[in-house]
Amino acid sequence: MDSFTKDVIDNIKAIPEGKVATYGQIAKLAGKPRGARQVARILHTMSEKHDLPWHRVINSQGKISLQPPERQAARLIAEGVEVTNGSRVQLKQFQWEKDDDLYDLWMKG
DNA sequence: GGATTGACATCCC
DNA sequence: CGGGATGCCAATC
């Protein structure tokens, strides 16, 4: 497996419960701002072999791309992510922003 | 090795 | 906000 794949996997594993990330976001974190589709491919291929929180990755519109969306939606809901209309997620509210955790901590403190 | 194909993103209307 | 067109990049055919 190439380093890009590894980085993608690492980043996906880093998504906290109750939050979601977009394909493009993960791609960027892994060093390929234009690699969103590869991220999607990696999920499609590797999600069954590694136990990744693949359900926390959705597209930039805040929607579940996987068809049918039911399984993924259920998993998200089980974690506290609000999924409306079967596949819709409010990114404003649930998107994971990597260094925002620190920012948030600072804000509260 | 060229053409096709996506669990995508972005700009334009 | 919705839908279409374009860009992107690796795996597959």
Side-chain angles (χ1 to χ4, degrees):
Chain A
M1 118 164 59
D2 43 331
S3 71
F4 172 63
T5 305
K6 176 176 164 353
D7 284 345
V8 168
I9 291 178
D10 283 346
N11 279 292
I12 292 178
K13 283 204 239 171
I15 304 174
E17 264 188 36
K19 292 281 181 175
V20 298
T22 67
Y23 298 90
Q25 185 182 354
I26 295 298
K28 196 185 312 179
L29 290 176
K32 287 190 194 239
R34 312 297 161 213
R37 306 180 98 133
Q38 281 56 250
V39 172
R41 177 172 296 283
I42 291 170
L43 259 54
H44 181 65
T45 343
M46 314 298 257
S47 59
E48 296 181 5
K49 310 186 193 319
H50 306 11
D51 54 336
L52 302 174
W54 54 271
H55 50 282
R56 302 191 189 132
V57 185
I58 61 185
N59 65 26
S60 69
Q61 303 172 63
K63 283 191 306 193
I64 294 174
S65 287
L66 180 61
Q67 278 289 327
E70 300 167 12
R71 279 186 54 74
Q72 185 166 358
R75 281 165 174 269
L76 289 176
I77 292 171
E79 291 187 350
V81 176
E82 191 175 340
V83 180
T84 64
N85 211 345
S87 65
R88 200 105 196 77
V89 173
Q90 301 293 71
L91 282 183
K92 274 278 202 165
Q93 197 173 352
F94 296 105
Q95 177 165 187
W96 172 53
E97 290 165 40
K98 202 165 191 288
D99 14 41
D100 220 324
D101 281 345
L102 295 176
Y103 182 77
D104 198 49
L105 212 59
W106 173 79
M107 281 296 280
K108 288 179 185 170

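Each chain gets a letter, A, B and so on, in the order the sequences are listed, and its residues count up from 1.
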- request: Show your working on side chain to side chain contact (heavy atoms under 4.5 Å, CB included) between A:L29 and A:D7 and close with a plain yes or no.
  value: CA-CA 8 Å; A:L29 290 176; A:D7 284 345; over 6 Å; no

- request: Would you please test A:R56 and A:E17 for side chain to side chain contact (heavy atoms under 4.5 Å, CB included) and show each step?
  value: CA-CA 8 Å; A:R56 302 191 189 132; A:E17 264 188 36; 3.1 Å; yes

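Remark: A:K32, A:R34, A:R37, A:Q38, A:R41 in residues 29-45 of chain A come within less than 4.0 Å of DNA chain C through at least one heavy atom. Contact check of residues 51-60 of chain A against DNA chain B (heavy atom, cut-off under 4.0 Å) returns A:W54, A:N59, A:S60.
Within the structure, side-chain hydrogen bond (donor to acceptor under 3.5 Å, both in side chains) contacts touching residues 84-93 of chain A (residues at least two apart or in different chains) do not occur. Residue pairs meeting the side-chain hydrogen bond (donor to acceptor under 3.5 Å, both in side chains) criterion with at least one partner in residues 31-46 of chain A, sequence neighbours excluded, do not occur; the list is empty.
You'll find the side chain of A:I12 reaches within 4.5 Å of the side chain of A:L43, heavy atoms only. Taking the side chain as every heavy atom from C-beta outward, A:L52 and A:K13 approach each other to under 4.5 Å. Counting heavy atoms from C-beta outward, A:F94 and A:L76 have side chains that stay 4.5 Å or more apart. In this structure, the side chains of A:M46 and A:V8 stay at 4.5 Å or more apart for every pair of heavy atoms.
Checking side-chain atoms of A:Q25 against main-chain N and O of A:K98 turns up no donor-acceptor pair under 3.5 Å.
Remark: A:A27 pairs with A:V39 by the side-chain contact (heavy atoms from CB on, under 4.5 Å) rule, at least two apart or across chains. Listed by chain and number, the residues in a side-chain hydrogen bond (donor to acceptor under 3.5 Å, both in side chains) with A:E70 amount to none (sequence neighbours excluded). Remark: A:S47 pairs with no residue by the side-chain hydrogen bond (donor to acceptor under 3.5 Å, both in side chains) rule, at least two apart or across chains. Checked against side-chain contact (heavy atoms from CB on, under 4.5 Å), A:A36 has the following partners two or more places apart in sequence or in another chain: A:Y23. When the side-chain hydrogen bond (donor to acceptor under 3.5 Å, both in side chains) test is applied to A:D10, the partners found at least two apart in sequence or on another chain are A:K6.
Protein chain A touches strand DNA chain B; the 5'-most and 3'-most nucleotides with an atom under 4.0 angstrom of its non-hydrogen atoms are B:dG6 to B:dA9. Protein chain A contacts DNA chain C from C:dG7 to C:dA11, reading 5' to 3' and using non-hydrogen atoms of the protein with a distance under 4.0 Å.
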task: Kindly express the pairing pattern of DNA chain B in dot-bracket notation, using | wherever a base pairs with another strand and counting only Watson-Crick or G-U pairs under 3.5 Å.
output: .|||||.||||||

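Within a 6.0 Å sphere centred on CG of A:D2, other residues, nucleotides and ligands contribute more than 12 heavy atoms.
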